[in-house]
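Here is the structure we will look at.
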Amino acid sequence: MRLAAVMRWALVGVGLLLVYSSFRAHAAKKMTSDLATAWCLVGIVLLVVGVVPPLSRWLDLISGWTGIALFCVGAVCLWAAFRICLILSRLVTQNQELAMQVSLLLGAQQHPPVQPADDRASAPPEEDHEESLVCH
């Protein structure tokens, strides 16, 4: 089997692995849906380039060692970009959770809980209250 055919099958394998990894990361809530969709599209493009011979004809034009070097460098770059997207997705999720918590805290601060009528009757009136001179 020629090296170009092996490289085509390697492209198909990497594309399938990328699609599977993005689905799995999204299902495990490690990646946001928009990034998972983008990675699925990248995987599908790699799959199509590997399967359709006219799209992968460029593999016949380069030497074997150059093809292996390009494949290795491309695989490392894809892996690094995928890991960065996982970290970015985690940060986006944590940012959204933090924004919800801050919103709840601000809402609780603006609207303190109402005391039941029984508690208000037994509580002494607040005499230490100072009036603001700014509002008058």
Side-chain angles (χ1 to χ4, degrees):
M1 187 181 269
R2 292 188 8 219
L3 189 60
V6 172
M7 295 296 286
R8 282 188 186 102
W9 285 109
L11 281 174
V12 170
V14 169
L16 288 173
L17 183 66
L18 209 53
V19 169
Y20 172 76
S21 297
S22 62
F23 272 127
R24 185 159 175 131
H26 179 62
K29 305 287 186 207
K30 291 183 180 181
M31 186 178 284
T32 59
S33 60
D34 53 348
L35 286 175
T37 303
W39 279 107
C40 280
L41 289 175
V42 169
I44 290 171
V45 166
L46 285 175
L47 183 75
V48 168
V49 167
V51 170
V52 179
L55 296 177
S56 59
R57 194 161 311 255
W58 59 273
L59 289 171
D60 294 326
L61 302 176
I62 59 175
S63 70
W65 292 108
T66 304
I68 291 171
L70 285 175
F71 181 76
C72 291
V73 169
V76 168
C77 289
L78 280 175
W79 176 79
F82 191 81
R83 296 291 298 166
I84 289 171
C85 284
L86 286 175
I87 293 169
L88 182 66
S89 293
R90 186 179 63 202
L91 289 175
V92 166
T93 303
Q94 288 175 350
N95 191 21
Q96 289 173 346
E97 290 173 0
L98 186 61
M100 286 189 285
Q101 290 175 356
V102 167
S103 175
L104 288 173
L105 285 174
L106 287 176
Q109 182 183 11
Q110 290 176 356
H111 305 291
V114 178
Q115 294 179 352
D118 298 338
D119 291 345
R120 275 189 259 142
S122 64
E126 295 182 23
E127 297 173 5
D128 298 338
H129 180 65
E130 295 180 12
E131 291 189 28
S132 174
L133 300 176
V134 176
C135 297
H136 293 283

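Each residue takes its place number in the sequence, starting with 1.
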Do [X] and [Y] touch side chain to side chain, with heavy atoms closer than 4.5 Å?
X	Y	answer
V14	W79	no
L104	Q101	no
L3	I68	yes

If you look at every heavy atom in [X] and [Y], which pair is closest and at what distance?
X	Y	answer
L88	L35	CD2-CD1, 4.3 Å
A25	L86	CB-CD2, 3.9 Å
L11	F71	N-CE1, 4.4 Å
M31	H26	O-ND1, 3.2 Å
S56	G50	OG-O, 4.4 Å
R8	R57	NH2-CA, 4.1 Å

Check whether [X] and [Y] end up in the same hydrophobic cluster, where Ile, Leu, Val, Met, Phe, Trp and Tyr are linked by side-chain heavy atoms less than 4.5 Å apart.
X	Y	value
W58	M7	yes
V19	V48	yes
V45	F82	yes
W9	V51	yes
L70	L18	yes

Quick check: are there more than 12 heavy atoms from other residues, nucleotides or ligands sitting under 6.0 Å from CD of Q109?
no
State the [atom1]-[atom2] distance between [X] and [Y], to the nearest 0.5 angstrom.
X	Y	atom1	atom2	answer
K29	T93	NZ	OG1	9.5 Å
F23	T37	CZ	OG1	8.0 Å
L98	L91	CG	CG	11.5 Å
L17	L47	CG	CG	12.0 Å
R83	L78	CZ	CG	14.0 Å

Expected output: side-chain T32 to main-chain S89 donor-acceptor under 3.5 Å:
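Absent.
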